[in-house]
Amino acid sequence: MSNPGLLKIGGATEEMMSRLTPEFTIHELSEISDLDTWASEYGASVEAVMTNGHDGVPPAVMAALPNLKAVSGYGVGYDAVDTDACVARGIKVSHTPNVLNGEVANTTLLLLLAGLRNFRHDEAWARSGDWEAKGNAPLANSPDGKTIGILGLGRIGQEIADRLSVFNPTIVYHTRSKKDVPYKYYGDLVEMAKACDVLVCITPGGPSTNKIVNKDVLEALGPKGMLINVSRGSVVDEDALIAALDSGKLGLAGLDVFEREPHIPDALKASERTVLLPHVGSATHETRAAMGALTVENLLQWKADGSLKTPVPECAHL
Ligand code: NDP
């Protein structure tokens with residue numbers, strides 16, 4: 001029997017491809033110039049898709065694959081995949097939970113330290129000769145002993161709370177349902193923001209969190225407060241964020257994710273109050289290798305017995 005077809009959307013490492021090539025007939029979306037022409041010849045042979053958290057599976061691609069049975073996502077966030085449409089067609093979807101928790105937590109600590117300790121400005125001070133010309137750099141703020149609110153206390157949120165412990169913080173959190181954890185729960189995000197020095201966003205994207213961090217939340221965080229977003233750009237109202245930073249109603253923002261990636265608004269780039277990263281929350285060799293391995297294992301397990309190793313909750317019953 002011939003190997004099932006696999007449509008690859010986005011990048012993959014050599015290691016991933018070396019494990020998949022003997023098992024699947026691989027098609028590469030970026031190499032398809034005319035989807036209809038390609039689909040008339042190959043669409044029916046493709047039973048699996050491998051994609052990433054940014055591209056998902058575009059509706060036209062879904063429609064071109066009548067026998068699609070499994071989607072393996074490279075990343076834990078799967079808001080780019082239309083899971084309702086997949087469930088309606090009996091298509092199973094997997095993602096890569098847990099293997100990136102530590103790295104995203106590291107990225108959060110990086111943004112926290114860079115923001116509060118003035119890393120950007122101090123580095124520029126050292127590099128530009130300002131130290132010799134102007135004297136000591138302005139004082140920064142300590143990360144120690146702060147009240148840190150975590151919006152989304154799931155797998156990564158808990159790892160962030162654990163790794164933050166070196167700074168002796170008071171951890172508080174907001175989620176839709178209260179968790180069995182030793183931190184104060186806030187059912188109201190604005191109330192939590194009022195109590196926080198730092199607010200860390202680490203929820204999934206999608207409709208339920210769209211612009212959940214709005215003007216009221218940002219202004220409640222206040223002129224000395226810091227927002228850190230390592231979740232999805234959609235979670236924060238970017239226009240309200242720019243206005244709050246520009247007016248001084250919010251102190252600082254450390255951002256790994258943006259509304260229209262890879263575009264970053266000029267106002268955020270120009271601001272003295274921001275630390276910006278190009279969506280690199282999990283982007284280390286080690287963590288990406290672990291994510292790639294899990295993405296591949298989902299596909300190999302599906303080929304072997306029709307099940308996925310780490311299905312997303314919406315599809316776990318399929
Ligand atoms: P989990 O599913 O383990 O945790 C999600 C948490 O968010 C839960 O505590 C959930 O609690 C809470 N939550 C969900 N919806 C809402 C809502 N509407 N309001 C308030 N809280 C909500 O996910 P992970 O921790 O594994 O991953 C979280 C997200 O991090 C991913 O979906 C992805 O978007 C992002 N991410 C970003 C990366 C980057 O590179 N910057 C890398 C990896 C992940 P409850 O259900 O009770 O509300």
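Below, all heavy atoms of this structure are taken into account, side chains as well, without hydrogens, waters or symmetry copies. Note that the structure is a prediction, hence the values are computed from the model and not measured. One-based numbering, in listed order, for ligands and for the atoms of each.
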Which of the atoms of ligand 1 are close to Gly77, meaning less than 4.0 Å from one of its heavy atoms?
31 (C), 32 (O), 33 (C)

Would you call Thr107 a ligand 1 contact, heavy-atom distance under 4.0 Å?
no

Asn141 side chain to Arg117 side chain, donor-acceptor N/O pair below 3.5 angstrom
no

Can you tell me the protein heavy atom closest to atom 32 (O) of ligand 1 and the distance?
Pro204 CA, 3.2 Å

Verify whether one side chain among Ser30 and Glu28 offers a donor that lies under 3.5 Å from an acceptor in the other.
yes

Do ligand 1 and Thr209 have nitrogen or oxygen atoms that lie under 3.5 Å from each other?
no

What are the atoms of ligand 1, with element, lying closer than 4.0 Å to any heavy atom of Gly152?
6 (C), 7 (O), 9 (O), 12 (C)

We want to know whether Asn298 and Thr310 form a side-chain donor-acceptor pair, criterion being a heavy-atom distance below 3.5 angstrom.
yes

Applying a 4.0 Å heavy-atom criterion (strictly less than), which segment of Ile202 is in contact with ligand 1: side chain, backbone, both, or neither?
both

Less than 6.0 Å separating the ring centroids of Tyr173 and Tyr185?
yes

Pick from Lys179, Glu103, Met291: the one approaching atom 45 (P) of ligand 1 most closely through a non-hydrogen atom
Lys179

Using a 4.0 Å cutoff against the non-hydrogen atoms of Ile212, which atoms of ligand 1 qualify?
19 (N)

Among all protein heavy atoms in this structure, tell me which lies nearest to atom 27 (O) of ligand 1, with the distance rounded to 0.1 Å.
Ile156 CD1, 3.5 Å

Glu23/Arg19 salt bridge by N-O under 4.0 Å criterion:
no

Side chains of Asn3 and Lys303 only: does a donor on one sit below 3.5 Å from an acceptor on the other?
yes

Sub-6.0 Å ring centroid separation between His95 and Tyr78:
yes

Side chain or backbone, does Val230 bring an N or O within less than 3.5 Å of an N or O on ligand 1?
yes

Protein contact to atom 4 (O) of ligand 1 [nearest heavy atom, distance to 0.1 Å]
Gly154 CA, 3.2 Å

Side chains of Ser234 and Glu259: is there a donor and an acceptor less than 3.5 Å apart?
no

Considering only protein heavy atoms, which is closest to atom 22 (C) of ligand 1, and at what distance to one decimal place?
Thr203 CG2, 3.8 Å

With sequence neighbours left out, the residues meeting side chain to side chain donor-acceptor pair (under 3.5 Å) with Arg120 are none

Which is it for Val104 and ligand 1 at heavy atoms under 4.0 Å: side chain, backbone, both or neither?
side chain

Taking the six-membered ring for Trp and the single ring otherwise, decide whether the centroids of His27 and Tyr42 are under 6.0 Å apart.
yes

Cut-off 3.5 Å, side chains only: do Glu103 and Ser282 have a donor facing an acceptor?
no

Atoms in ligand 1 with a heavy atom of Val76 nearer than 4.0 Å
26 (O), 27 (O), 31 (C), 43 (C), 44 (C)

Strictly by modelled atom types, are Lys179 and Ser177 linked by a side-chain donor-acceptor pair under 3.5 Å?
yes

What I want to know is whether Leu151 and ligand 1 share at least one N or O pair that is separated by under 3.5 angstrom.
no

Of all protein heavy atoms, the one nearest atom 10 (C) of ligand 1 is Thr175 CG2, 4.3 Å

Test of proximity, Ser208 against ligand 1: N or O pairs below 3.5 Å:
yes

Tell me which protein heavy atom sits closest to atom 26 (O) of ligand 1, plus the residue, atom name and distance to 0.1 Å.
Arg155 NE, 2.9 Å

Checking contacts here: is it the side chain or the backbone of Ser231 that comes within 4.0 Å of ligand 1, counting heavy atoms only? Could be both or neither.
backbone

Which of the atoms of ligand 1 are close to Ser177, meaning less than 4.0 Å from one of its heavy atoms?
47 (O)

Out of Leu100, Val99, Val181, Leu153, whose heavy atom sits nearest atom 9 (O) of ligand 1?
Leu153

Summary of salt bridge (charged side-chain N to carboxylate O under 4.0 Å, His left out) pairs that have at least one residue in residues 226-236, sequence neighbours excluded:
Asp79-Arg232

What atoms of ligand 1 come within less than 4.0 Å of a heavy atom belonging to His279?
39 (C), 40 (O), 41 (N)

Under 3.5 Å, is there a donor on one side chain and an acceptor on the other for Asp162 and Gln158?
yes

Output yes when the distance from some N or O of ligand 1 to some N or O of Arg176 is under 3.5 Å, and no in every other case.
yes

